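In what follows, a structure is listed as structure tokens, so that the remarks can point back to it.
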Amino acid sequence: MPKRNSSVVGREFGQGVRDAIEQSGMTQRGLAELVDWQEAKISDAVNGKGGISEVDLIRLLSYCRTPYAEVERMVALYRETREKGWLQFPEDGVPEQLHSLINQERLASTITVWSMNLVPGLLQIAAYIRAVAEKVPRKSPADIDGFIRAKLERQGIIRPGRKFVFYVHEQALQLPVGGPAVMQAQLNHINVMLVRQYITFRIVPIAIGAHAGLSSSFVHLDFDKFEPVVYLENYNTGLFLEDKGSLDTFADVVKDLDRDALDEGESRWLINSMLS
């Protein structure tokens with residue numbers, strides 16, 4: 001079956017419409033009758049296929065009694081739906097792009113992570129997350145608590161039904177984030193997680209020197225129904241890339257990392273040597 005031409009922001013928009021309808025207590029059919037639309041028009045909006053104008057969107061959300069802040073967010077998403085790629089500049093304490101990444105990971109069939117400086121977020125323990133968050137500029141204690149909850153919530157995706165591939169630079173495992181006790185607990189946690197057959201963990205050793213992943217860490221998402229997506233994250237911004245040129249480049253990076261990384265057995269041995 002060919003993959004649908006669906007963008008990240010289009011899917012995020014569709015989820016927002018779906019949530020608004022569910023929170024209103026109405027069905028799609030009931031709402032369609034109320035606004036005098038064909039039910040297919042609402043179905044297209046829910047599936048991120050377009051078919052409505054900005055005025056239509058505001059009218060729809062008004063009937064759903066959607067809060068004003070969410071209406072503003074949905075209108076902003078609507079204006080982005082024709083773009084390839086999506087750059088987010090969140091303003092709240094818990095990065096909105098983290099929630100968007102969680103939504104996309106739930107749809108993915110394979111999640112490939114390259115992490116150059118830190119243990120990958122999907123494998124971080126709470127103490128490690130806190131130690132990293134405390135070094136992020138302009139984060140209050142309340143922001144940090146919310147950030148930890150969101151990061152741990154994201155880890156709920158790690159279960160059978162999809163494949164996880166982690167490429168991690170050795171320096172990320174050597175960096176004593178939170179001190180020796182936190183790092184020992186963190187490495188032990190990784191070891192426990194690697195018992196799961198759907199997780200692959202491979203280390204790129206320091207000894208190889210320069211490598212293809214020097215530019216940045218990233219998450220590569222593959223879907224059964226959609227085209228792939230690459231996600232890049234900074235302090236308070238998130239960038240989803242969907243154009244062919246970017247996807248081809250990052251696919252080549254993954255191939256090179258696969259070539260340079262230790263195999264799974266060697267990687268487990270290296271982790272255990274760090275714990276001894």
Side-chain angles (χ1 to χ4, degrees), residues 93-95 97-98 101-102 111-158 164-196 199-220 231-238 253-254 256-258 260-276:
V94 179
Q97 75 270 19
L98 182 56
L101 176 60
I102 291 170
I111 298 171
T112 302
V113 178
W114 159 239
S115 191
M116 186 165 53
N117 297 313
L118 296 171
V119 169
L122 285 169
L123 298 176
Q124 292 175 3
I125 62 173
Y128 188 100
I129 298 170
R130 180 173 295 280
V132 173
E134 286 175 347
K135 298 300 181 181
V136 176
R138 305 179 67 180
K139 269 198 181 298
S140 69
D143 289 341
I144 291 173
D145 289 342
F147 183 71
I148 293 170
R149 286 193 298 271
K151 295 273 279 189
L152 294 177
E153 175 190 346
R154 178 192 174 202
Q155 295 176 8
I157 199 71
I158 304 182
F164 299 85
V165 181
F166 297 96
Y167 295 100
V168 182
H169 199 279
E170 183 183 350
Q171 69 187 13
L173 304 178
Q174 297 281 11
L175 187 68
V177 173
V182 170
M183 280 308 301
Q184 180 162 348
Q186 177 64 76
L187 293 174
N188 277 322
H189 175 70
I190 293 173
N191 257 342
V192 171
M193 294 297 289
L194 296 190
V195 174
R196 307 186 188 198
I199 294 179
T200 298
F201 188 94
R202 297 178 60 197
I203 298 172
V204 175
I206 291 173
I208 70 166
H211 52 82
L214 283 171
S215 178
S216 65
S217 301
F218 60 86
V219 179
H220 188 286
Y231 175 77
L232 308 174
E233 184 178 30
N234 205 330
Y235 279 125
N236 65 341
T237 59
V253 172
V254 171
D256 288 346
L257 292 172
D258 185 75
D260 291 337
L262 302 175
D263 65 28
E264 291 182 73
E266 292 168 333
S267 297
R268 289 290 297 270
W269 180 88
L270 184 53
I271 292 172
N272 288 324
S273 72
M274 295 175 187
L275 286 167
S276 60

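What you see is a predicted model, and the numbers here were worked out from it, not measured in a lab.
Contact check for Phe201 versus Ile271: side-chain heavy atoms found under the 4.5 Å cut-off. Here the side chains of Ile157 and Ile102 are not in contact, with every heavy-atom distance at 4.5 Å or above.
A donor-acceptor pair under 3.5 Å links the side-chain atoms of Gln155 to the main chain of Gly121, judged by distance alone. A donor-acceptor contact shorter than 3.5 Å is absent between the side chain of Glu266 and the backbone of Ile203. Of the possible donor and acceptor atoms, none in the side chain of Arg202 sits under 3.5 Å from a partner among the backbone N and O of Glu264.
The list of side-chain hydrogen bond (donor to acceptor under 3.5 Å, both in side chains) pairs with a residue in residues 267-276, not counting sequence neighbours, reads Asn191-Arg268, Asn191-Asn272. Legend: side-chain hydrogen bond (donor to acceptor under 3.5 Å, both in side chains) pairs involving residues 203-216, not counting sequence neighbours: none detected.
With rounding to the nearest 0.5 Å, the separation of CD1 in Ile111 from NE2 in His220 is 12.0 Å. Once rounded to the nearest 0.5 Å, the distance linking NE2 of His189 with CE of Met193 reads 4.5 Å. The structure places CD1 of Ile208 at 8.0 Å from CG of Leu257, a figure rounded to the nearest 0.5 Å.
Contacts of Arg196 classified as side-chain hydrogen bond (donor to acceptor under 3.5 Å, both in side chains), with partners at least two apart in sequence or in another chain: Tyr198. Shown here are the salt bridge (Lys or Arg N to Asp or Glu O under 4.0 Å) partners of Glu153, two or more places apart in sequence or in another chain: Arg106. When the side-chain contact (heavy atoms from CB on, under 4.5 Å) test is applied to Ala185, the partners found at least two apart in sequence or on another chain are Ile125. Listed by chain and residue number, Arg259 satisfy the salt bridge (Lys or Arg N to Asp or Glu O under 4.0 Å) test with Asp256 (two or more places apart in sequence, or in another chain).
What you find for Asp260 and Pro205 is that their closest heavy atoms are O-CD, 3.7 Å. Here the shortest heavy-atom pairing between Ile158 and Phe164 reads CA-CZ, 3.6 Å. For the residue pair Leu123 and Gln186, the shortest heavy atom distance occurs at O-NE2, 2.8 Å. A pairwise comparison of heavy atoms in Val119 and Gln124 identifies O-NE2, 2.7 Å as the closest pair.
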Return all side-chain donor-acceptor pairs below 3.5 angstrom for residues 166-180, not counting sequence neighbours, or 'none' if the list is empty.
{"residue": "Tyr167", "atom": "OH", "partner": "Asp258", "partner atom": "OD1", "Å": "2.8"}
{"residue": "His169", "atom": "ND1", "partner": "Gln171", "partner atom": "N", "Å": "3.1"}
{"residue": "Glu170", "atom": "OE1", "partner": "Ile206", "partner atom": "N", "Å": "3.0"}
{"residue": "Glu170", "atom": "OE2", "partner": "Gln174", "partner atom": "NE2", "Å": "3.4"}
{"residue": "Gln171", "atom": "NE2", "partner": "Met116", "partner atom": "O", "Å": "3.0"}
{"residue": "Gln171", "atom": "NE2", "partner": "Asn117", "partner atom": "OD1", "Å": "3.0"}

- [ ] May I have the step-by-step check of side-chain contact (heavy atoms from CB on, under 4.5 Å) for Val136 and Phe147, ending in yes or no?
- [x] CA-CA 11 Å; Val136 176; Phe147 183 71; over 6 Å; no
